[in-house]
Amino acid sequence: MRAKDIDQERLKGVLAVKSIYTRRSIRKYKDEKIDDEKIMELLKAGMCAPSAGNEQPWHFIIIEDNNIKEQIPKFHPYAAMVKNASHLICVCADLNLQLYEGYWIQDCSASTQNILLMAEELGIGSVWLGVYPREERMEGLRKLLKLPDNIVPFSLVSLGYPDEKKPANDTYFSERVHRNIW
């Protein structure tokens, strides 16, 4: 590997770390569509997440249909912004793929976080909308998206080019850090 390539790889790592601090929940979007290449990058990031036993129990549903987006706030009380989003990604767990029962929750959490961080890197605003374990939200998505019984909707990620700016996050609380014992 050439020095130039190493520097590029190091730079990518620094940018990814920066995204941890600059990523914020964005709920206001410009009227501009995200192109398919960027959506693919978001999905690749989601699929790079760690998973228990490398089981990768996830499926992703890309939602861009306005009729579907308009239905979601009817059963998800915090989803008003999805009507103006370019796309949504529904992160789902496939219970038939789980090797270690119940770990799909952590796996899908890590996948959702990867999508959020990649969105920040791509200049896309995003917000994580919790679905699991709220039964009314899960059932609403099951019906709306025609999910098979073995698929559990875990989260929705609302995506769009930001029409609001928020400061970087600074939420380190030293009083919540313990060493060796409580």
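If you're wondering where the values come from, they're calculated on a predicted model, not measured in any experiment.
A distance-only check finds no donor-acceptor pair linking the side chain of E55 to the backbone of Q98 [under 3.5 Å]. Between the side chain of S86 and the backbone N or O of G160 there is no donor-acceptor pair closer than 3.5 Å. A donor-acceptor distance shorter than 3.5 angstrom exists from the side chain of K69 to the backbone of A85, with no hydrogens or angles considered. Although no hydrogens or angles enter the test, the distance criterion places a donor-acceptor pair under 3.5 Å between the side chain of N114 and the main chain of A45. When atom types are taken as modelled, the side chain of D107 and the backbone of A52 share a donor-acceptor pair closer than 3.5 angstrom. In this structure a side-chain-to-backbone donor-acceptor pair under 3.5 Å is missing from R27 to V127. Panel note: side chain K28, backbone P162; no donor-acceptor pair is recorded below 3.5 Å. Judged by distance alone, the side chain of H76 and the main-chain N or O of L156 form no donor-acceptor pair under 3.5 Å.
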Legend entry - Derivation of the side-chain contact (heavy atoms from CB on, under 4.5 Å) call for I89 and L42: CA-CA 9 Å; I89 296 176; L42 295 170; 4.2 Å; yes
Inset, instruction - Using the side-chain contact (heavy atoms from CB on, under 4.5 Å) rule, take V157 and L88 through it: C-alpha gap first, then chi angles, then the decisive distance, then the call. - result: CA-CA 5 Å; V157 180; L88 309 173; over 6 Å; no
Legend entry - side-chain hydrogen bond (donor to acceptor under 3.5 Å, both in side chains) assessment of S51 paired with Q56: CA-CA 6 Å; S51 65; Q56 303 171 24; 5.0 Å; no
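For residues 163-182, the set of pairs meeting the ring pair (Phe, Tyr, Trp, His ring centres under 6.0 Å) definition, not counting sequence neighbours, comprises H178-W182. Counting only residues at least two apart or in different chains, ring pair (Phe, Tyr, Trp, His ring centres under 6.0 Å) contacts with residues 122-161 comprise W104-Y132.
A salt bridge links E135 and R142; the closest N-O separation between the charged side-chain nitrogens and carboxylate oxygens is under 4.0 Å.
Across all non-hydrogen atoms, the minimal contact from T112 to S155 is OG1-OG, 2.9 Å.
Every residue was checked against the salt bridge (Lys or Arg N to Asp or Glu O under 4.0 Å) condition with E175, not counting sequence neighbours, and none meets it.
Clustering ILVMFWY residues whenever any of their side-chain heavy atoms sit less than 4.5 angstrom apart, transitively, puts M47 in the very cluster that holds L122.
For the atom pair OG of S158 and NZ of K83, the computed distance is 12.5 Å after rounding to the nearest 0.5 Å. With rounding to the nearest 0.5 Å, the separation of CG in L147 from NE2 in H59 is 10.5 Å.
The number of heavy atoms from other shown groups lying within 6.0 Å of NZ (K143) does not exceed 12.
Residues L141 and C90 meet the side-chain proximity criterion, which asks for heavy atoms closer than 4.5 Å.
Among E64, K33, K38, the single residue meeting the side chain to side chain donor-acceptor pair (under 3.5 Å) criterion with H87 is E64.
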